[in-house]
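In this chain, residues are counted from 1 in sequence order.
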Amino acid sequence: METLAKQSASDVTVCLKAVSDSTRLLMMKLVESNELCVCQFVEMFDMSQPAISQHLRKLKHAGLVKENRRGQWRFYSMNKDSVHAPLVHDILSHIEDSDPQLVALRAKEAPVDCC
């Protein structure tokens with residue numbers, strides 16, 4: 001088990017604020033082991049592309065996700081090199097794989113067809 005690195009209160013607050021929103025928390029759970037495209041998030045969450053992009057921008061700003069551009073599309077994965085990664089992993093470990101919201105989102109996950 002990874003040891004949680006000591007951080008300043010303001011650094012921990014940035015991380016916790018980023019995952020305090022249920023949409024962003026579930027996004028992090030989804031990218032914990034997968035790389036997903038913005039278009040996949042739009043379908044899964046049934047939200048507009050600008051709304052999804054705002055959530056991802058906040059996660060990226062906190063250093064929690066990495067962005068990979070392929071043409072005009074952006075793919076996101078968990079930033080496992082982030083100083084916050086151990087804390088985020090710990091938080092995500094408390095979400096059951098059988099969580100109804102998570103199950104519903106994963107059921108909507110479709111292969112990438114936006115590229």
Side-chain angles (χ1 to χ4, degrees):
M1 183 171 167
E2 279 185 74
T3 303
L4 295 178
K6 298 289 184 183
Q7 300 173 40
S8 71
S10 69
D11 286 343
V12 172
T13 300
V14 166
C15 177
L16 293 176
K17 279 184 179 181
V19 296
S20 67
D21 177 86
S22 63
T23 298
R24 290 191 296 273
L25 181 64
L26 288 167
M27 286 176 154
M28 287 304 302
K29 186 67 176 176
L30 292 166
V31 299
E32 186 176 30
S33 58
N34 288 331
E35 181 180 61
L36 295 171
C37 180
V38 171
C39 64
Q40 290 172 293
F41 284 122
V42 168
E43 291 297 318
M44 294 166 80
F45 285 90
D46 195 26
M47 295 175 83
S48 70
Q49 183 274 323
I52 291 294
S53 291
Q54 284 298 319
H55 283 296
L56 290 167
R57 182 187 60 77
K58 289 177 182 179
L59 292 172
K60 186 178 173 191
H61 178 73
L64 303 181
V65 295
K66 293 190 288 187
E67 179 184 276
N68 180 10
R69 287 181 173 230
R70 293 185 205 147
Q72 70 182 35
W73 301 105
R74 295 177 183 179
F75 290 80
Y76 292 86
S77 59
M78 184 175 207
N79 183 0
K80 295 182 171 131
D81 298 326
S82 167
V83 67
H84 301 302
L87 176 59
V88 173
H89 275 296
D90 189 44
I91 292 167
L92 296 176
S93 74
H94 294 279
I95 300 173
E96 295 182 39
D97 286 333
S98 61
D99 177 273
Q101 285 181 293
L102 188 59
V103 169
L105 289 169
R106 286 186 171 145
K108 292 181 181 180
E109 185 177 349
V112 176
D113 63 355
C114 54
C115 301

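Residues S53 and L56 form no side-chain contact, since every pair of their non-hydrogen atoms from C-beta on lies 4.5 Å or further apart. Residues L26 and F45 are in side-chain contact: their nearest non-hydrogen atoms beyond the backbone lie under 4.5 Å apart. The side-chain heavy atoms of V103 and D97, taken from C-beta on, include no pair separated by under 4.5 Å. By the 4.5 Å heavy-atom criterion applied to side chains, R24 and L64 are not counted as neighbours.
Taking CZ of F41 as the start and CG of L30 as the end, the distance is 6.0 Å to the nearest 0.5 Å. With values rounded to the nearest 0.5 angstrom, Q101 atom CD is found 9.0 Å from I95 atom CD1. The line from OG of S77 to CG of N68 is 7.0 Å long, rounded to the nearest 0.5 Å. With rounding to the nearest 0.5 Å, the separation of OG in S8 from CG in D11 is 3.0 Å. Interatomic distance, CE of M78 versus CD of E32, reported as 5.5 Å (0.5 Å rounding). Taking CE of M28 as the reference point, atom OG1 of T23 lies at 13.5 Å (rounded to 0.5 Å).
Between the side chain of Q40 and the backbone N or O of A110, at least one donor-acceptor pair lies under 3.5 Å. Remark: the backbone N or O of A51 is not paired with any side-chain donor or acceptor of Q54 at under 3.5 angstrom. With hydrogens and angles disregarded, no donor-acceptor distance shorter than 3.5 Å links the side chain of N79 to the backbone of K66.
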Review point. Would E67 and K60 satisfy salt bridge (charged side-chain N to carboxylate O under 4.0 Å, His left out), going step by step from the backbone distance to the final call?
Key: CA-CA 8 Å; E67 179 184 276; K60 186 178 173 191; 3.4 Å; yes
Practice item. Check the pair V31, L59 against side-chain contact (heavy atoms from CB on, under 4.5 Å), reporting the backbone distance first and the verdict last. Key: CA-CA 11 Å; V31 299; L59 292 172; over 6 Å; no
Listed pairs under 3.5 Å, donor-acceptor, residues 12-20 side chains, sequence neighbours left out:
residue: T13; atom: OG1; partner: A9; partner atom: O; Å: 2.7
residue: S20; atom: OG; partner: K17; partner atom: O; Å: 2.9

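Taking the ring centre of F75 as origin, the terminal cationic atom of R70 falls inside the region bounded by 6.0 Å and 45° from the ring axis.
With a 6.0 Å radius and a threshold of 12 heavy atoms from other residues, nucleotides or ligands, E35 has its CD atom above the threshold.
Listed by chain and number, the residues in a salt bridge (Lys or Arg N to Asp or Glu O under 4.0 Å) with K58 amount to none (sequence neighbours excluded).
The only member of L105, V65, D21, I52 that meets side-chain contact (heavy atoms from CB on, under 4.5 Å) when paired with M27 is I52.
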